[in-house]
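Everything on this sheet refers to the single structure shown next.
Per chain, numbering begins at 1; letters A, B, ... match sequence-line order. What you see is a predicted model, and the numbers here were worked out from it, not measured in a lab.
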Protein chains: 2
Amino acid sequence: MANQTAGGSHRAAPVHTDPEDVSVLTALSALADPVRLQLVRELAGSPVWTRSCGSFDVPVGKAALSHHFSVLRGAGLVEQRDEGPKRVNRLRREEFDARFPGLLDLVLRAENRL
Amino acid sequence: MANQTAGGSHRAAPVHTDPEDVSVLTALSALADPVRLQLVRELAGSPVWTRSCGSFDVPVGKAALSHHFSVLRGAGLVEQRDEGPKRVNRLRREEFDARFPGLLDLVLRAENRL
DNA sequence: CGGACTGTAAGATGTTCATCGAACACTCGG
DNA sequence: CCGAGTGTTCGATGAACATCTTACAGTCCG
């Protein structure tokens with residue numbers, strides 16, 4: 001019957017935090033980690049809603065990966081949506097940029113090595 | 001004979017890091033701490049070279065304080081100079097801003113609660 | 001249904017880091 | 001030279017966190 005994108009999954013919906021409710025400290029802490037930094041960067045270089053959690057080339061297991069995405073959600077950086085068995089991601093560019101102007105741009109600059 | 005600012009103290013000079021040599025990760029990590037955030041903010045609101053390390057109203061002992069200043073120096077955020085028995089500080093606004101445009105401005109905005 | 005795939009949850013482990021207390025170094029004024 | 005003031009270093013402690021392993025909960029396909 002109902003398809004994935006349509007009806008709605010029976011899975012617990014991911015908890016999202018509005019960037020407006022995020023403190024500077026939380027935002028900086030979220031970005032101050034090599035793995036999460038790479039996630040954000042890869043995400044920024046991909047079309048929206050195209051990357052599932054497992055599609056990232058990071059050197060950690062899926063449990064840790066799940067944790068990192070939880071942190072990114074809590075910082076208002078990433079939005080997630082269930083699409084069949086996968087959970088696809090979107091970088092909340094505009095919303096996050098409205099709350100912290102220039103921060104994402106800064107982090108995404110190639111000049112900024114690790 | 002030689003006065004403090006002139007001759008040069010016999011004390012170990014503080015180790016400074018050029019903002020140009022600082023990674024994004026280091027910069028974000030340095031700012032992702034409540035005590036250091038407060039130090040930077042207080043420093044930004046004071047004239048240059050007027051604040052000694054002990055003049056900040058932070059809820060930590062002097063040992064921890066010394067550590068935090070070390071981190072801030074390592075991130076290219078603060079410059080220190082010995083002035084008599086005191087060590088006075090300067091926020092490296094322009095230099096840091098050249099390396100990470102907008103980051104300091106963002107952190108100093110009053111709108112950004114802790 | 002059963003199995004492959006994807007992600008989350010819980011518990012254990014190890015490391016990093018913020019903090020403190022105490023000892024030390026240096027400067028300056030009596 | 002001594003003492004007050006200022007800051008650093010060292011060792012230890014405790015908390016936070018990143019990670020793993022294992023177990024579990026969904027979704028989809030045959």
Side-chain angles (χ1 to χ4, degrees), chain A residues 1-16 25-26 28-39 49-75 78-90, chain B residues 1-16 25-26 28-39 49-75 78-89 114:
Chain A
M1 43 188 266
N3 207 350
Q4 66 289 9
T5 50
S9 83
H10 294 172
R11 211 177 337 179
V15 184
H16 288 112
L25 214 50
T26 302
L28 294 177
S29 301
L31 291 171
D33 176 278
V35 174
R36 290 194 287 267
L37 204 47
Q38 184 178 343
L39 291 178
W49 300 127
T50 60
R51 307 292 304 266
S52 70
C53 294
S55 74
F56 293 84
D57 187 26
V58 284
V60 296
K62 56 179 186 174
L65 193 56
S66 182
H67 161 67
H68 285 303
F69 273 108
S70 164
V71 173
L72 290 177
R73 282 199 312 268
V78 162
E79 186 181 3
Q80 295 186 315
R81 173 210 296 176
D82 285 344
E83 208 160 273
K86 309 194 173 179
R87 181 160 283 188
V88 289
N89 300 275
R90 176 183 84 87
Chain B
M1 40 181 285
N3 209 350
Q4 66 288 7
T5 51
S9 84
H10 292 173
R11 210 177 337 180
V15 184
H16 288 115
L25 215 49
T26 302
L28 294 178
S29 301
L31 292 171
D33 175 279
V35 174
R36 290 193 289 267
L37 205 48
Q38 184 178 342
L39 291 177
W49 301 127
T50 60
R51 306 293 303 268
S52 70
C53 294
S55 74
F56 294 84
D57 186 26
V58 283
V60 296
K62 56 179 186 175
L65 192 55
S66 182
H67 162 67
H68 285 303
F69 273 108
S70 164
V71 173
L72 290 177
R73 282 198 313 267
V78 162
E79 186 181 4
Q80 296 185 314
R81 175 211 294 175
D82 285 343
E83 209 161 273
K86 309 194 176 181
R87 183 160 282 189
V88 289
N89 300 276
L114 185 66

Would you indicate what B:Lys62 reaches in the nucleic acid, counting non-hydrogen atoms under 4.0 angstrom: base, sugar-phosphate, or nothing? base

How many whole angstroms separate atom CG of A:Leu72 from atom P of C:dG7? 15 Å

Are A:Arg81 and A:Glu83 close enough for a salt bridge, meaning some N to O gap below 4.0 Å? yes

Any B:Phe56 side-chain heavy atom under 4.5 Å of B:Arg51 side chain: yes

Contact under 4.0 Å: A:Ser66 side-chain N or O vs C:dA9 OP1/OP2: no

Does any non-hydrogen side-chain atom of B:Cys53 lie less than 4.5 Å from one of B:Lys62? no

Separation of A:Asn89 atom CG from C:dG7 atom C1', in whole Å? 11 Å

Please tell me if B:Arg87 has a side-chain N or O lying less than 4.0 Å from either OP1 or OP2 of C:dC26. no

Just the rounded figure in Å: distance from C1' of C:dT8 to CG of A:Leu65. 11 Å

Integer-rounded Å distance: C:dG29 P and B:Lys86 NZ: 12 Å

On a heavy-atom basis, which atom in A:Val35 and which in A:Val58 lie closest, and how many Å separate them? CG1-CG1, 4.1 Å

For C:dT8, does either OP1 or OP2 sit under 4.0 Å from a side-chain N or O belonging to A:Ser70? no

Using OP1 and OP2 only, check whether a side-chain N or O of B:His67 sits under 4.0 Å from D:dG7. no

Out of C:dA22, C:dA9, D:dG7, whichever nucleotide has its closest atom nearest the side chain of B:Ser52: D:dG7

Testing D:dT19, C:dT27, D:dG26 for proximity to the side chain of A:Val60, the answer is D:dT19

Taking every non-hydrogen atom, the tightest pair across A:Arg11 and A:Asp82: NE-OD2, 3.5 Å

Distance in angstrom units between B:His68 NE2 and C:dA18 P, rounded: 6 Å

Measure CD/B:Glu83 against C1'/C:dC26 and give the value in whole Å, please. 15 Å

Look at the side-chain N and O atoms of A:Arg36 and state whether any lies under 4.0 Å from the OP1 or OP2 oxygen of D:dA18. yes

Rounded distance (Å) that lies between atom P of C:dA18 and atom CG of A:Leu25: 11 Å

From the list D:dT8, C:dC26, D:dA18, which nucleotide is the closest neighbour of the side chain of B:Arg73? D:dT8

Provide, to the nearest angstrom, the distance between the CZ atom belonging to A:Arg81 and the P atom belonging to D:dT27. 16 Å

Could you please name the option among D:dT27, C:dA10, C:dG7 that lies closest to any side-chain atom of A:Ala63? C:dA10

